[in-house]
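For reference, the structure is listed below as structure tokens.
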Amino acid sequence: MPRRPPRWPYALGAVALVVVALLAGIWLGGHSDRLPDFLARLAGNQQTALVNETLDTIQADYYRKIDRTALINRGLEGAVKSLDDRFSHYFDPRSYAEFQRQTDPRFSGVGLNVREDPKGLRVVEVFRGSPAQRAGIRPLDLVTAVNGRSLAGRPSDFATALIKGPPGTSVRLTVSTGGRSRQLRVRRARITVPVVTSRLVVARGRKLGYVSLASFTQGAGDEVRQAVARLLLSGAQGIVLDLRGNGGGLLDESVSVASVFLPEGPVVTTKGRSRDRHVYDATGGAIPAKVPVVVLVDRGTASASEIVSGALQDRHRAKIVGTRTFGKGVFQEIKPLSNGGALDITVGQYFLPSGRNLGGPGVKEGAGIRPNVPVLGDDPRSRPDEGLDAAVATLSRELAAGR
């Protein structure tokens, strides 16, 4: 009778196969982008199958009927929330369409200037004669929901996009004043808000130029350049650039604005995991270096505003007056999705000429810009405007010192 081969080599082989499969599974789950094509496809198929299996089970067996599309949208939103990044979020198709309207000149709003707040949108300014003013909304009020949708933890661009819409249509706002909430139905209208305002200020017998920039929209740099040029032609000996309440905007426009005051050299550097390092230099045509500059900031000064403030501070071109700024050192890109929605996700960080990043570790709140001249009473609505007074006094001292 032939001798039967021992079974233990087969057992060891089976155990080894299981271990290899387990390790491959772990690798597939975390590093599918580094696998051969056929294994990467296997990983993708397995993950897709698992998601579909879960959705099928919920849809078939959950005790109440569930809309699969709504479930997917909530799942995607939850996935982005798990990043613990207040600047990244998922737009479902409807909210993405609403978001896109804010860049369409055919759509309008209710006449509010706001800044981001953990609980929603804090009202900075209510435009004169606007629907918001007629509805009784006042500065320092807090908008906590739009059409019943909470704004807590939402970025300001997402929240303001929900408020905007076609002229003549209505939007329901939940507004909190001193801790007491009320529901307001406000009819939208076309609102014309100047991006740049400017004027001459006389202090101690000297003419000074004041330029306020509301946001870094397309063409903002050119408007600032033209305003500064007009003021200098009118005899201004120094410039106050007011960026209070300016939550940012386009990166290219921040470089354009900084270039009004910086003749050459770096303004900001960006880099990300999938983005090459890129240095943005001043584009030329700056005003004379002998013209002193003061930048006025507050806690609402963020993103592109911090790039300008920080670049001018790092390059010793301007004194910063006010409170510390918001502290955002990252930038986002919007990626449209096949379902009509989009991901608005953080793709990189930016760094000032000194190498500092204003956002702290990653997407956490950072130190922001520390002013050279701290001013607690920096509210532009207050009378007197202590922030502007301090900026003018600082500029006057610069001129008296013969800068």
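None of the values given here were measured: they were computed from a predicted structure.
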Distance, nearest 0.5 Å, that separates CD1 of Ile287 from CZ of Arg225: 9.5 Å
query: So, does Arg172 use its side chain to make a donor-acceptor pair with the main chain of Arg185 at under 3.5 Å?
result: no
- request: Might you point out which heavy atoms bring Arg187 and Gly168 nearest each other, and give the distance in Å?
  value: NH1-O, 2.5 Å
field: Crowding at CD, Glu264 (>12 non-hydrogen neighbours, <6.0 Å)
entry: no
task: Could you tell me whether the side chain of Arg188 and the main chain of Ile163 form a donor-acceptor pair under 3.5 Å?
output: yes
message: Applying side-chain hydrogen bond (donor to acceptor under 3.5 Å, both in side chains) to Tyr90 and Asn73, what does each step give before you reach the verdict?
response: CA-CA 8 Å; Tyr90 165 69; Asn73 283 327; 2.5 Å; yes
task: Locate the shortest heavy-atom distance separating Ala258 from Val267; write the atom from each residue and the value.
output: CB-CG1, 3.8 Å
- prompt: From Leu50 CG over to Thr54 OG1, what is the distance, rounded to the nearest 0.5 angstrom?
  reply: 4.5 Å
Check: Leu213 main-chain N/O paired with Asn246 side-chain donor or acceptor under 3.5 Å: yes
task: Look at Arg122 together with Asp117 and state whether they make a salt bridge at an N to O cut-off of under 4.0 Å.
output: yes
- prompt: Is it true that Asp242 and Arg244 make a salt bridge, defined as a side-chain N closer than 4.0 Å to a carboxylate O?
  reply: yes
message: Between Val123 and Ile137, is there a side-chain heavy-atom distance shorter than 4.5 Å?
response: yes
message: Using side-chain contact (heavy atoms from CB on, under 4.5 Å), reason through Ile239 and Phe261 one step at a time and then give a plain yes or no.
response: CA-CA 10 Å; Ile239 300 293; Phe261 309 102; 4.2 Å; yes
Main-chain N/O of Ala304 paired to Ser254 side chain as donor or acceptor, under 3.5 Å: no
Side chains of Ser305 and Val295 in contact at under 4.5 Å (non-hydrogen atoms): no
task: Drop me the distance from Leu241's CG to Ser198's OG, to the nearest 0.5 angstrom.
output: 11.5 Å
- prompt: Has Arg149 got more than 12 heavy atoms of other residues, nucleotides or ligands less than 6.0 Å from its CZ?
  reply: yes
query: Hey, what do you get for CD (Gln133) to CG (Leu112), rounding to the nearest 0.5 Å?
result: 10.5 Å
Any donor-acceptor N/O pair, Gln349 side chain to Lys271 backbone, under 3.5 Å: no
Under 3.5 Å donor-acceptor, Tyr350 side chain and Leu358 backbone: no
query: Mind checking whether Asn147 and Leu162 have side chains closer than 4.5 Å, heavy atoms only?
result: no
- prompt: For the residue pair Ser88 and Ile345, what are the closest heavy atoms and their distance?
  reply: OG-CA, 3.4 Å
query: Salt bridge or not for Lys328 and Glu116, using N-O below 4.0 Å?
result: no
- prompt: Hey, is CZ on Arg356 packed in by over 12 heavy atoms from elsewhere, all under 6.0 Å?
  reply: yes
- prompt: Do Val175 and Arg182 have side-chain heavy atoms sitting under 4.5 Å apart?
  reply: yes
message: Tell me the closest heavy-atom pair linking Ala220 and Val195, and the distance in Å.
response: CB-CG1, 4.3 Å
Exercise: identify the closest heavy-atom pair between Ser303 and Gly248: CB-CA, 4.2 Å
- request: Please check if the side chain of Ser234 supplies one atom and the backbone of Arg230 the other of a donor-acceptor pair under 3.5 Å.
  value: yes
- prompt: Do Leu83 and Lys81 come within less than 4.5 Å of each other through their side chains, counting heavy atoms only?
  reply: no
message: Any carboxylate oxygen within less than 4.0 angstrom of a Lys/Arg side-chain nitrogen, looking at Arg180 and Asp141?
response: no
query: Taking it one step at a time, do Thr269 and Arg277 satisfy side-chain contact (heavy atoms from CB on, under 4.5 Å)?
result: CA-CA 7 Å; Thr269 299; Arg277 180 177 181 272; 3.8 Å; yes
task: Please lay out, stage by stage, how Ile334 and Gln332 fare under the test side-chain contact (heavy atoms from CB on, under 4.5 Å).
output: CA-CA 7 Å; Ile334 294 180; Gln332 291 71 42; over 6 Å; no
query: Any idea which heavy atoms bring Asn113 and Gly245 closest together, and the distance?
result: OD1-O, 4.5 Å
- prompt: Counting only N and O atoms by type, is there a donor-acceptor contact under 3.5 Å from the side chain of Arg315 to the main-chain atoms of Pro266?
  reply: yes
query: Is there a donor-acceptor pair under 3.5 Å between the side chain of Asn339 and the backbone N or O of Asp92?
result: no
message: Using side-chain hydrogen bond (donor to acceptor under 3.5 Å, both in side chains), reason through Ser259 and Thr283 one step at a time and then give a plain yes or no.
response: CA-CA 6 Å; Ser259 299; Thr283 57; 3.2 Å; yes
message: Return the OG1 to CG distance between Thr57 and Asn52, rounded to the nearest 0.5 Å.
response: 10.5 Å
- request: Decide, yes or no, whether a salt bridge links Glu398 with Arg206 under the criterion of side-chain N to carboxylate O below 4.0 Å.
  value: no
query: Out of curiosity, Ile369 CD1 to Asp298 CG, how far, rounded to the nearest 0.5 Å?
result: 13.0 Å
- prompt: Does Val330 reach the side chain of Phe87, with side-chain heavy atoms less than 4.5 Å apart?
  reply: yes
- prompt: Less than 4.5 Å apart, any side-chain heavy atom of Val146 and any of Leu173?
  reply: yes
task: For the residue pair Ser176 and Lys119, establish whether any side-chain heavy-atom pair is separated by less than 4.5 Å.
output: no
field: Ser354 side chain to Asp314 backbone, donor-acceptor under 3.5 Å
entry: no
- request: For the pair Val268 and Leu251, evaluate side-chain contact (heavy atoms from CB on, under 4.5 Å) and give the outcome as yes or no after the intermediate values.
  value: CA-CA 9 Å; Val268 65; Leu251 174 61; 4.0 Å; yes
